[in-house]
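Below is one structure, written out as C-alpha cells; the observations come after it.
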There are 2 protein chains.
Amino acid sequence: MPKIGMEPVRRKALIDATISAIGERGSLDVTMSEIAGRAGVSSALAHHYFGAKDELLFATMRHILTELNVDTRRALHSAGTARERVSSVVAVSFSDDQFQPEIIAAWLAFYVEAQKSTELRRLLRIYARRLHSNLMSGLTGILLRNEADRVAETTAALIDGLYIRRALKDGVPDAQTAIALVEDYLETKLNGRSLP
Amino acid sequence: MPKIGMEPVRRKALIDATISAIGERGSLDVTMSEIAGRAGVSSALAHHYFGAKDELLFATMRHILTELNVDTRRALHSAGTARERVSSVVAVSFSDDQFQPEIIAAWLAFYVEAQKSTELRRLLRIYARRLHSNLMSGLTGILLRNEADRVAETTAALIDGLYIRRALKDGVPDAQTAIALVEDYLETKLNGRSLP
DNA sequence: TTTTTTATTGACGCATCAATCAATAAAAAA
DNA sequence: TTTTTTATTGATTGATGCGTCAATAAAAAA
C-alpha cells in the first residue's frame, strides 16, 4: 500500500536511523540492513533512495553539519556584544542537541572516514573553517587580528578535544564542565582587554 | 628455510606493518593480508602469532602507548623545575616520534574502535589517566590542587584536539605551532604564580 | 638417527554485506 | 481504461576477508 510523496519522509527517517545506529555501534561499521531496519524499511529501499552506502553516510554528515550551522546562526543572531558572540558559539557546541553521545560518536567516526574520502574531508574542512570564522566574528572585536587568530585556533582545538574525551566517557562528564573549561580559558585570555 | 627464534622479530615487524598500514589507509580498515604483506610474511603467519586481528590491533595500540610512556618518562627525568615538567610532557606529545601522520591516524582510529572494544577502551583510559597524572606532577608544584586539575584537564583536551586537527591536515600544520599554542595557554595560566 | 618443536604457507571454507533485479501493487496520468 | 510513475521488497549475486588446516621443511632435542 504505497503512499505517494514518501521520498522526503524516507530520506529523513534513514538519516535519523543512520545517526542512531552509528551512535550505538560507535562507528561507521553499520550495515545497510541495520540502518534500514531501524527506519522500518528494507535495505533495498535505502539503496533506492541513496544509491550507495557512501552517499547515505555523506548525507548524514551533511545533515549533522547543517543542524549545527542552523543552531549557531540562531545563537549568533541573538548575541549582543562581541564577547557574547564568542560564548554563544561555544554554548552551541555543547548544547543538548550537539553534545550527545550519538552525535559525538558520529563526529569521531566521520573524522576517521574523512581520511579515506576526499568529499568527506572537504565537508569537515568547511566545518572547521566555519567554526573558526564564527569565533573570529566575536574575537576580532576584542583582540588584534593576529592574537584573535591564535585564540580561535586554540578554542576550536579545545572544543574538539573535549568532544573526544566525552566519547571515551572519561573525564569531563557533562556539558556544563566542558563549557566552564573553555570559558575559563577565554576569560584569562580576554578579561580586561578590549579594542579602542 | 626457517630460522629459529623468529617470533619476536615477526611480532615487531607485524606491529610496525600495522602502524604503517593504518597510517596509509587512515583507519583500522586494513586487511590481515595487507599487513602481513607489508611485513613480508603470509597472512597465515600473522594469525599464527596473534591469533586474531583484534589481538594484533590491540598489541599495536599497546606498543604505541608504551613508546609514548617511555619517551615521557625520559623527558620527565631530565626536567628540573615543576614548570619544566609540564613543558616536557607537552613537548613529548608533539615530538617527531609521536606527532607524525601514521601515529596520529592510528590514535584517531583506535579512539573509534574503543567504542566497540572494552579492552581497548580500558587501554585508552590508562593513557588518559597517565597524561593527567604526568601533567599534575608538574602543575601541583605551581597551582593549588583544584586549579591544577582544571589546567591539566584543559591541557589534555587541547593536546587531543590539536592531534585531530593535524589529522585533517587543516590548520595547525606543524608541531612547532601546536607546542606554541599549548605553551601560550600555560603561560597565561601560570605566569607569575608559584606556590610558597 | 629418530622425534619433536618451530617456522611457514597455499588453499579453502564460511560468513558477511553491498548492491542489483525482477516482481508486486497502488496512485496518477493519458 | 490503459499506461506510466512511484513505492516497496525478497531473493540473489558477487566480492571480500577472516580464520583454519594440512602440508613442508629446517632446527633442536632425544
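In what follows, every heavy atom counts, from backbone to side chain, and hydrogens, waters and symmetry copies are set aside. Reminder, nothing fancy here: chain letters follow the sequence lines and each chain counts from 1.
- Spacing between atom NE2 of B:H47 and atom P of C:dA11 amounts to 18 Å, rounded to whole angstrom units.
- Listed nucleotides C:dT8, C:dA18, D:dT8 differ in distance to B:R10; the shortest reach to its side chain belongs to C:dT8.
- Electrostatic pairing of B:R150 and B:E153 does not count as a salt bridge here, judged by no charged N lying under 4.0 Å from a carboxylate O.
- Within residues 49-62 of chain B, the residues that have a heavy atom under 4.0 Å from DNA chain D are, in order of number, B:A52, B:K53.
- B:D174 and B:T177 are linked by a side-chain donor-acceptor pair at a separation below 3.5 angstrom, with hydrogens and angles left out of the test.
- Residues A:D97 and A:V92 form no side-chain contact, since every pair of their non-hydrogen atoms from C-beta on lies 4.5 Å or further apart.
- The main-chain N or O of A:G80 is found under 3.5 Å from a side-chain atom of A:E84 such that the two form a donor-acceptor pair.
- What separates CG of A:L45 from P of D:dG10 is a distance of 11 Å, to the nearest Å.
- We find that CE of A:M6 is positioned 11 Å from P of D:dT9, with the value rounded to whole Å.
- The interatomic distance linking A:H48 (NE2) with C:dA22 (P) rounds to 15 Å, in whole Å.
- Under 4.0 Å is where a charged nitrogen must lie from a carboxylate oxygen, and between A:R62 and A:E55 no such pair does.
- Screening A:T81, A:L139, A:N134 against A:V86 for a side chain to side chain contact (heavy atoms under 4.5 Å, CB included) leaves a single residue, A:L139.
- Of all non-hydrogen atoms in A:L135 and A:A156, the two that sit nearest each other are CD1-N, 4.1 Å.
- Note on the helix from C:dT1-D:dA30 to C:dA30-D:dT1: angle between the axes of the first and last five pairs equals 10°, rounded to 10 degrees.
- Of the N and O atoms on the side chains of A:E183 and A:S87, at least one donor lies less than 3.5 Å from an acceptor on the other residue.
- Taking both residues in full, the closest heavy atoms of A:G161 and B:D160 are given as CA-CB, 4.3 Å, listed atom of the first, atom of the second, then distance.
- Non-hydrogen atoms lying under 4.0 Å from DNA chain D are contributed by nothing in residues 17-37 of chain A.
- Rounded to whole Å, the distance from CD1 on B:I4 to P on C:dT4 is 16 Å.
- Inspection of the A:H132 and A:D149 side chains reveals an N or O donor paired with an N or O acceptor under 3.5 Å.
- Between B:L120 and B:F58, the shortest heavy-atom contact is N-CE1, 4.0 Å.
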